[in-house]
Asker: 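Quick one: this structure, given as structure tokens, is what I'll be asking you about.
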Amino acid sequence: MTQRNPKVIILTGASSGIGEGIARHLAQLGHQLVLGARRTDRLSMLCEELRFSGASVDYLATDVTQRADTQQLADFALAKYGRIDVMINNAGVMPLSPMSSMKVEEWDLMLDVNIRGVLYGIAAVLPTLQAQQYGHIINIASVGALTVSPTAAVYCATKFAVRAISDGLRQESPQLRVTVINPGVVESELADTITDSVAQEAMKRYRQIALKPEAIAKAVSWAIDQPGDVDTSEITVRPTASAH
């Protein structure tokens with residue numbers, strides 16, 4: 001399927017899980033993609049596969065905790081295509097643990113990736129989108145942005161922040177569309193960063209019911225496909241059988 005008006009779309013955290021699913025789906029729809037992630041070996045393989053199917057896709061090594069990396073990703077997209085239509089801030093980490101475990105370094109990592117990474121992504125494209133007087137920023141949050149659960153206090157705090165940042169940006173930007181997507185449990189490597197045994201065991205039970213990444217990708221593409229004067233501010237996608 002080819003879009004009559006393909007969008008130029010930047011996507012972070014594209015090397016696996018939800019990000020990879022979004023990349024595959026948007027490429028299949030004919031959009032022009034610029035992908036970023038730290039694991040360039042996976043990005044290279046993904047891009048090669050998508051190009052073989054006729055997709056227009058490029059990638060750059062991107063650590064979203066480094067503002068210069070995210071800016072370089074945006075600058076590359078703008079230099080190649082002359083515009084940026086959509087920025088998807090997807091990169092995230094989830095090393096859950098009880099507060100009493102005192103995993104302060106992991107708290108810092110979540111703050112850096114889940115909050116600063118989103119802010120750096122916004123900063124990388126906002127001047128361009130404002131100059132164009134159109135554009136769409138999509139931030140991937142979580143159902144953890146809606147409620148807090150044990151072992152997830154810091155993670156949920158970061159996702160609450162993403163939701164607040166998204167709505168504040170929306171209110172300040174009448175010419176731009178801003179969407180926050182809240183996935184429920186999805187098959188991905190996100191839980192692989194959990195080092196705390198209590199949180200690991202809880203997550204095994206929690207992830208017994210999980211969506212495929214394509215479910216989130218379809219929500220993203222639906223928001224993108226709405227008319228320019230329609231802003232889908234928030235979408236929550238969770239398994240039908242899930243209580244969370």
Side-chain angles (χ1 to χ4, degrees), residues 10-22 35-39 61-71 73-74 87-99 101-126 137-170 178-196 199-200 202-203 206-207 213 216 219-220 233-238 244:
I10 303 171
L11 169 65
T12 65
S15 61
S16 66
I18 291 174
E20 180 182 349
I22 292 171
L35 309 180
R38 291 176 301 165
R39 294 179 291 185
T62 307
D63 179 348
V64 299
T65 69
Q66 303 300 311
R67 184 178 175 186
D69 278 18
T70 312
Q71 189 62 60
L73 191 68
M87 176 66 175
I88 304 174
N89 291 303
N90 167 72
V93 294
M94 191 182 67
L96 305 183
S97 64
M99 298 291 290
S101 294
M102 291 296 294
K103 292 184 178 288
V104 178
E105 292 82 4
E106 293 182 356
W107 301 350
D108 287 340
L109 178 63
M110 285 187 279
L111 292 172
D112 286 340
V113 176
N114 297 355
I115 300 178
R116 289 191 180 90
V118 169
L119 289 171
Y120 290 165
I122 293 169
V125 301
L126 190 56
I137 293 175
I138 299 176
N139 297 324
I140 307 299
S142 167
V143 291
L146 308 175
T147 186
V148 181
S149 57
T151 77
V154 177
Y155 174 75
C156 291
T158 67
K159 295 303 185 176
F160 269 70
V162 170
R163 194 165 176 241
I165 290 164
S166 301
D167 199 50
L169 179 62
R170 178 192 64 79
V178 182
T179 301
V180 60
I181 307 285
N182 300 317
V185 62
V186 177
E187 292 179 4
S188 73
E189 298 176 0
L190 193 60
D192 293 350
T193 58
I194 298 174
T195 62
D196 182 86
Q200 282 178 338
M203 186 53 60
Y206 180 68
R207 297 178 76 85
I216 310 307
V220 168
S233 302
E234 186 166 16
I235 303 175
T236 298
V237 184
R238 52 166 59 97
H244 302 284

Asker: Assess the residue pair L109 and K103 against the criterion (side-chain contact (heavy atoms from CB on, under 4.5 Å)); give the C-alpha distance rounded to whole Å, side-chain angles, the decisive distance to 0.1 Å, and a yes or no.
Answerer: CA-CA 10 Å; L109 178 63; K103 292 184 178 288; over 6 Å; no
Asker: If I take atom CD1 from residue I22 and atom CG from residue L11, how far apart are they, to the nearest 0.5 angstrom?
Answerer: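 So the CD1 of I22 and the CG of L11 are separated by 5.5 Å.
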Asker: If the condition is side chain to side chain donor-acceptor pair (under 3.5 Å), which residues does Q71 pass it with, not counting sequence neighbours?
Answerer: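 With neighbours one apart ignored, the set is D75.
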Asker: With sequence neighbours excluded, tell me which residues meet salt bridge (charged side-chain N to carboxylate O under 4.0 Å, His left out) with R170.
Answerer: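 Listed in chain order: D167.
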Asker: As an exercise, state the distance from CZ of R67 to OH of Y120, rounded to the nearest 0.5 Å.
Answerer: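 If I round to the nearest 0.5 Å, the distance is 7.5 Å.
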Asker: Can you name the side chain to side chain contact (heavy atoms under 4.5 Å, CB included) partners of L169, sequence neighbours left out?
Answerer: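 Result, side chain to side chain contact (heavy atoms under 4.5 Å, CB included) vs L169: I122, L126, I137, S173, V178.
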Asker: Have a look at I165 and tell me which of I115, V180, N89 forms a side chain to side chain contact (heavy atoms under 4.5 Å, CB included) with it.
Answerer: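 In the set I115, V180, N89, the residue that makes a side chain to side chain contact (heavy atoms under 4.5 Å, CB included) with I165 is I115.
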Asker: What pairs with D112 under salt bridge (charged side-chain N to carboxylate O under 4.0 Å, His left out), at least two apart in sequence or on another chain?
Answerer: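 Here the qualifying residues are R116.
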Asker: Any chance you could measure L96, atom CG, to C156, atom SG, to the nearest 0.5 Å?
Answerer: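 That separation rounds to 8.0 Å.
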Asker: Quick check: closest heavy atoms across I216 and P183, and the distance to 0.1 Å?
Answerer: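 What the structure gives for the nearest pair is CD1-CB, 3.6 Å.
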Asker: Taking only residues two or more places apart in sequence, or in another chain, which ones meet N90 in a side chain to side chain donor-acceptor pair (under 3.5 Å)?
Answerer: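 If we apply the side chain to side chain donor-acceptor pair (under 3.5 Å) test to N90, skipping adjacent residues, there are no hits.
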Asker: What closest approach, in Å, do G92 and N114 show between heavy atoms, and which atom pair accounts for it?
Answerer: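 Scanning both residues, the minimum pair turns out to be CA-OD1, 3.2 Å.
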Asker: Run the side chain to side chain contact (heavy atoms under 4.5 Å, CB included) test against A37 and tell me which residues pass, sequence neighbours left out.
Answerer: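 Side chain to side chain contact (heavy atoms under 4.5 Å, CB included) check on A37 returns S15, L43.
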Asker: Over all heavy atoms of both residues, which pair between R39 and S16 is shortest? Give the atoms and the distance, please.
Answerer: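 Closest pair (atom of R39, atom of S16, distance): NH2-OG, 2.8 Å.
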Asker: What's the shortest heavy-atom distance between V125 and A74, and which atoms?
Answerer: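 That closest heavy-atom pairing would be CG1-CB, 3.9 Å.
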Asker: What closest approach, in Å, do V154 and W107 show between heavy atoms, and which atom pair accounts for it?
Answerer: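 Looking at all heavy atoms of both residues, the shortest contact is CG2-CD1, 3.7 Å.
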Asker: For a 4.5 angstrom cut-off between non-hydrogen side-chain atoms, does T151 reach P98?
Answerer: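 The answer is yes, as the side chains (C-beta and beyond) meet within the 4.5 Å cut-off.
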Asker: Measure the spacing between CZ of R38 and OG1 of T65 and express it to the nearest 0.5 Å.
Answerer: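 One finds 7.5 Å between CZ of R38 and OG1 of T65.
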Asker: Name all residues meeting the side chain to side chain contact (heavy atoms under 4.5 Å, CB included) criterion together with A145; count only those two or more places apart in sequence or in a different chain, and write none if there are none.
Answerer: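 In terms of side chain to side chain contact (heavy atoms under 4.5 Å, CB included), with neighbours along the sequence ignored, A145 is linked to A141, K159, R163, N182.
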Asker: Suppose we screen for side chain to side chain contact (heavy atoms under 4.5 Å, CB included). Which residues come up paired with I235, at least two apart in sequence or across chains?
Answerer: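 For I235, the residues satisfying side chain to side chain contact (heavy atoms under 4.5 Å, CB included) (neighbours in sequence not counted) are I181, A219, W222, A223, T232, V237.
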Asker: I need the full list of salt bridge (Lys or Arg N to Asp or Glu O under 4.0 Å) pairs touching residues 87-98, with sequence neighbours left out, sorted by first then second residue.
Answerer: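 Those involving residues 87-98 do not exist here.
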Asker: What distance do I140 atom CD1 and T179 atom OG1 have between them, rounded to the nearest 0.5 Å?
Answerer: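 Nearest 0.5 Å value for the CD1-OG1 distance: 9.5 Å.
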Asker: Within this structure, what is the CG-OG1 distance for the pair L73 and T62, rounded to the nearest 0.5 Å?
Answerer: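 Reported value, rounded in 0.5 Å steps: 4.0 Å.
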Asker: What are the two closest heavy atoms between V148 and F160, and how far apart are they?
Answerer: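 Closest pair (atom of V148, atom of F160, distance): CG2-CE1, 4.0 Å.
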